[in-house]
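Every chain is numbered from 1 and lettered A, B, ... according to where its sequence line falls, protein lines coming before strand lines.
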Protein chains: 2
Amino acid sequence: MSDPSPGLNSEQLGAYFALMEVSSLLQYAVDEHLRADGDLSYVQFQILARLVDAPEGRLRMTDLADGVVYSRSGLTYQAGLLEKRGLITRAPSPDDERSVMVTVTDAGRDLIAHVLPGHVERVRQLLFDPMKGRDLATLSGVLGRVREHMRATPPRSAKPRAGRNRAE
Amino acid sequence: MSDPSPGLNSEQLGAYFALMEVSSLLQYAVDEHLRADGDLSYVQFQILARLVDAPEGRLRMTDLADGVVYSRSGLTYQAGLLEKRGLITRAPSPDDERSVMVTVTDAGRDLIAHVLPGHVERVRQLLFDPMKGRDLATLSGVLGRVREHMRATPPRSAKPRAGRNRAE
DNA sequence: ACTTGATCGTTCGAATTCTAAGCAAGTAAA
DNA sequence: TTTACTTGCTTAGAATTCGAACGATCAAGT
């Protein structure tokens with residue numbers, strides 16, 4: 001039900017714009033570093049990092065795509081590039097013949113290990129240096145809650161059920 | 001001097017990931033609405049919105065590009081699309097013959113006015129509904145400060161000065 | 001078994017994006 | 001003024017991205 005749509009006050013609007021601008025600028029900055037230091041795009045870094053973090057270093061394509069907020073076809077394309085560079089391998093899953101398990105190779109782990117310190121350093125400089133006091137605690141609290149809320153909120157176009165909807 | 005690179009603690013890392021994921025999901029959600037309701041991409045909406053906000057409803061291409069964190073050539077492309085749809089006009093600036101002034105048309109203003117309520121509504125539902133108490137105040141304080149810090153921090157690859165650098 | 005429907009991943013084509021190169025116009029120094 | 005450099009924008013071509021269509025596999029229900 002959530003409140004009879006009063007729009008956003010100017011503080012909310014400012015926070016919204018700031019959020020989008022900060023994430024854009026941050027992504028540009030780290031992307032630049034990743035390319036220079038490891039010839040990786042931000043997306044590729046995300047994929048590898050997520051795999052390194054996963055148990056056994058492997059994930060199904062779909063879970064990986066959901067994790068990095070990315071389309072399946074886009075992931076197929078990037079996985080092709082990463083596989084060509086020997087940073088990951090792909091193999092059909094034993095349990096489910098449809099799905100493909102993606103696994104980081106040692107080369108992939110090495111590359112992430114090589115790039116990570118500089119990456120983290122940039123994030124610290126840009127994002128956390130200007131914070132003070134309880135800023136971090138509040139920020140991570142709020143963002144964590146918002147993230148859960150978003151994950152739980154299905155996209156508005158939540159599948160027109162069968163077919164015959166959508167007049168017009 | 002900012003601290004001898006201790007990396008990031010796990011709370012910082014979590015906040016960083018949450019920030020990127022939240023902005024991604026939020027952008028997907030509003031993008032979906034904008035396309036359905038006004039046949040606009042998120043970038044196009046940003047361009048128009050920024051113009052509507054500008055004095056006289058016009059801006060130079062470069063300032064517009066910087067404002068939306070976008071490449072110049074990308075903006076040229078999008079401006080072409082928007083002009084074709086009659087939402088903006090382009091004209092050479094009187095003062096500086098090089099630069100191009102972009103202006104929102106009435107149609108452009110109307111479209112933004114049409115789309116804005118739904119847009120804002122989604123942002124409110126996804127981003128602000130799960131907030132409470134002083135969350136908003138802190139968030140906008142922190143993000144505002146971070147944004148200023150980022151704008152002031154030049155990209156690391158701050159122009160190889162003249163030409164003869166970049167061995168290799 | 002047999003149909004129906006959902007899920008998984010890829011391929012295809014179109015749209016978007018970036019970088020590099022180029023042109024035109026401004027600025028500054030000689 | 002002439003030269004050199006910078007700035008503003010566009011063009012050209014390659015790379016990336018997405019959505020729709022597809023083939024294959026699984027999961028139920030009958």
OP1 or OP2 of [N] versus the side-chain N and O atoms of [X]: is any pair under 4.0 Å?
X     : N      : value
A:S71 : D:dC18 : yes
B:T76 : D:dT10 : yes
B:R72 : C:dC18 : no
A:Q78 : D:dA15 : no

Lys/Arg-Asp/Glu bridge criterion (N-O < 4.0 Å) met for [X], [Y]:
X      : Y      : value
B:E148 : B:R145 : no
B:D63  : B:R60  : yes
A:D53  : A:R50  : no
A:R35  : A:D31  : yes

Comparing nearest nucleotides in DNA chain D, the 5'-proximal residue of the pair A:D96, A:Y70 is A:Y70

Selection: residues 35-69 of chain A, any non-hydrogen atom under 4.0 Å of DNA chain D
A:V43

Report yes or no: does B:T103 contribute a side-chain atom to a donor-acceptor pair with the main-chain N or O of B:R58 at less than 3.5 Å?
no

Are the side chain of A:D37 and the backbone of A:L34 linked by a donor-acceptor contact shorter than 3.5 Å?
no

Figure out the [atom1]/[atom2] separation between [X] and [N], and round it to whole Å.
X     : N      : atom1 : atom2 : value
A:E97 : D:dG23 : CD    : C1'   : 14 Å
A:E32 : C:dC18 : CD    : P     : 14 Å
B:D95 : D:dT7  : CG    : P     : 18 Å

Please tell me which of the listed nucleotides, [options], lies nearest to the side chain of [X]?
X      : options                : value
B:Y77  : D:dT16, C:dT17, D:dC26 : C:dT17
A:L81  : D:dG8, D:dC18, D:dT16  : D:dT16
A:Y28  : C:dG26, C:dC18, C:dC8  : C:dC18
A:R90  : C:dC18, C:dT10, D:dT6  : C:dT10
B:V100 : C:dG9, C:dC18, D:dT10  : D:dT10

Applying the side chain to side chain contact (heavy atoms under 4.5 Å, CB included) test to B:T62, which of B:L64, B:D66, B:L59 qualifies?
B:D66

Please evaluate the base of D:dG19 for a donor-acceptor partner in the side chain of A:S73 within a cut-off of under 3.5 Å?
yes

